[in-house]
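Have a look at the structure below, then the notes.
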Amino acid sequence: MITEAAAWGIIGLPLASFVLISFVIRPLLGATRLSGYVTVAAMAGSLALSVWALGSVTGEEGAIGFESHSWLTIGAPGGGLSFDLQIGILLDSLTAIMLIVVTGVSLMVQVYSQGYMRGDASYSRYFAYMSLFTASMLGLVLSRNLIQLFAFWELVGLSSYLLIGFWHDRPAAAAAAKKAFLVTRIGDFGFLLALLYIFYNRGTFAANGLNPFDIPDIHVAAGILGTGVVTWIAVGLFAGAMGKSAQFPLHTWLPDAMEGPTPVSSLIHAATMVAAGVFLVARMFPLFEHSAVAMNIVAIIGGFTAIFAASMALVSNDIKRVLAYSTVSQLGYMMLALGVGAPVVAMFHLFTHAFFKCLLFLGAGSVNHATGTFDMRYMGGLRKAMPITYVTTLIAGLSLAGILPLAGFWSKEAVLAAALNGEHAASGGVSALVFWMALAAVLITSFYIFRLIFMTFHGEFRGGVDVQPEVERSPGEHHVHLAESPLVMWLPMAVLALAAVGAGFLANPTFNFVGIPAHAFSEFLHEEAGDVNWVLAVASTVVALGGILLAALMYQTKQVSPKDWVRATGPVYRILSQRYYMDQLYEGFIVRRVLYGGLFRITAWFDERVVDGLVDLAGWSARSSGRALSMLQTGQIQAYGAGISVGVIAILVAYLTQQ
Amino acid sequence: MDLERYLLLSAVLFVIGMYGALSRRNIITVLMSIEIMFNAVILALVAMSRFITPAAARVPGADPADVAHWLLTGQTLAVFIVVVAAAEVALGLALVISLFRHKDTVDVTEVNLLRH
């Protein structure tokens, strides 16, 4: 059984790595490979502790009973208005899975970064931020208290800001970091409101002997609070999850976040940051379950995002942007699964997605390493030069498309089955709607990912960064050297490829499989397992194969011309390539017109006229009364004397009449 | 003779002096008026000393030497004030001479140096 100190150590090791690198190694030694080794060692230690935690949780009913610690007490204990803020570790099966995903993926990414970031002037700073990022995410996952979770939630936001803007001398990176921070902040505002609303209802908690921010206590209280209250809390929390998990309409930051180093994108998209939103909803699922309205909102937003984001991936030429939209779309799947009442399925998809999406990004980074560009129009034919990258990316792509027997097949099939079954009673119509959305997204997904693979790896090489117009290049020195990436880069990719193949089998086999019981994943999360719906599985595979076939016809055999399709679907293509004009809507209309042109103009006027006016009035009245009083200073000694005399007499008279 | 008459005289003298100090233009006259006010105060002090302290001195069991001290306190103080007033007049007249040398006037209304 894991000790509490060891559980804190899971957070502590990356945090210690951050402190060590940023306060000792970086000031004393600068950019040294030591930083990378320290980070990898910390991640490996965390992973080992996480495996221990996983082992401890197996077979446990519910969470391991660690005591909470009092952090801050307001008012007399037990009094009517008293409030006890606690921190503690909540370690149950859900947490354990997240721990494995976060530490495992992070370890792979850190190893890969040793090669990818080699020679960067800010090598140590990079690993310091990466350690902080991982530590924040681990803290978020392990939090027992919602306030504690919120603090780590914001830390994740901060460290993602630092990492997206890692190359801060590039204006695009600085802008992307700012955008990521601000857009997620809109969602976080909802989270904060939910926290305040919980606090407002603390009387109900106190009456039942519960702590208002203790997560297990909130699960208990969900049945007591009443549907209206629960709905508002759930919607607020979901707003936070929408920001972090880039759900429509707060998805715009994620594609721009590609400005960060590729391993950062990989980590953001696979394990940390975007997974936080899904995890939050899964963690608070007993609360969501008590509100049909909130569940339907989650399902519809998730389903819509799945198809909406996938459609934008169809036309993007930037390999990382395609993957970014893919992530948004897959997160939509997870939300959809949560919304139709299947948190286990959502976590399963998160689990498998983490491996293959991380792998896809590492593959993109590897390709960038060789060609110097992210633009797929200048790639092609890399299959021969980079066989390992090709094979691993192909495995991840097949997994994303949902082809038997890869991990993505099992989890995607489970999502579709959950939507079709409509496990959540109140959402009958909604789950049918989102099922069709999800099925349509399967087609789009397999098409765009194989478009990516064909454009990047097949055909003839189209010159890389050397032939790319100067204006389109990302800043910095880039050269084409067509060769496989070094061992430190392809080894993590190979490991992740194994996970992308095996994770589905290992976690959720349909029958007892080499010592792993059927439905191990569901059993582990103490949920009923649905059987694989083979009809649905065949149908979704056929749909996915259709998408692959179409991509092959367009980009491999060139029997169908993409240009004809673009011409035929002119306006649609334009809308897609302009990303539905969402950025224009936000920047051009909401920010410039509504805020700068309207609201801010009014507040500026109020500030200049009313607030500044009051300040000016205070100054003016002091100055003019001083000027009036200064007239009394004549310098005439006898006038002064008369004044003193009159004053004394007045005091005397007042004193005497008082008697 | 009772205390009220002395105090009445003192008050009359004080008011006369004050009137003079506030209304005369000649600075010498103003100084003289201030002296009158001084004397009004001294008169009140001495009268108080004469009429009030004997009552205070009739404390049972008081040491006769202490009683003599108390009886003479007011008069002693009056002598001090006279000396201080003389010094003050000397200073005041010195200022007047200095003022006359610089401004060539003894009219207080023409002097407003305190304003600056």
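Note on naming: letters A, B, ... go to the chains in the order of the sequence lines (proteins, then strands), and numbering restarts at 1 for each one.
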In terms of heavy-atom contacts, does CZ of A/Arg125 have more than 12 from other residues, nucleotides or ligands at under 6.0 Å?
yes

Is the number of heavy atoms from other residues, nucleotides or ligands under 6.0 Å of A/Phe152 CZ greater than 12?
yes

Measure from the side-chain N and O atoms of A/Gln638 to the backbone N and O of B/Arg24, and report whether any donor-acceptor pair falls under 3.5 Å.
yes

Taking everything shown except A/Trp232 itself, do over 12 heavy atoms lie less than 6.0 Å from its CH2?
no

Please name the pair of heavy atoms, one in B/Leu22 and one in A/Ser645, separated by the smallest distance, quoted to 0.1 Å.
CD1-OG, 3.7 Å

Checking heavy atoms, do the side chain of B/Val30, its backbone, both or neither come under 4.5 Å from chain A?
side chain

Closest non-hydrogen atom pair, A/Ile649 against B/Met18
CD1-CE, 4.5 Å

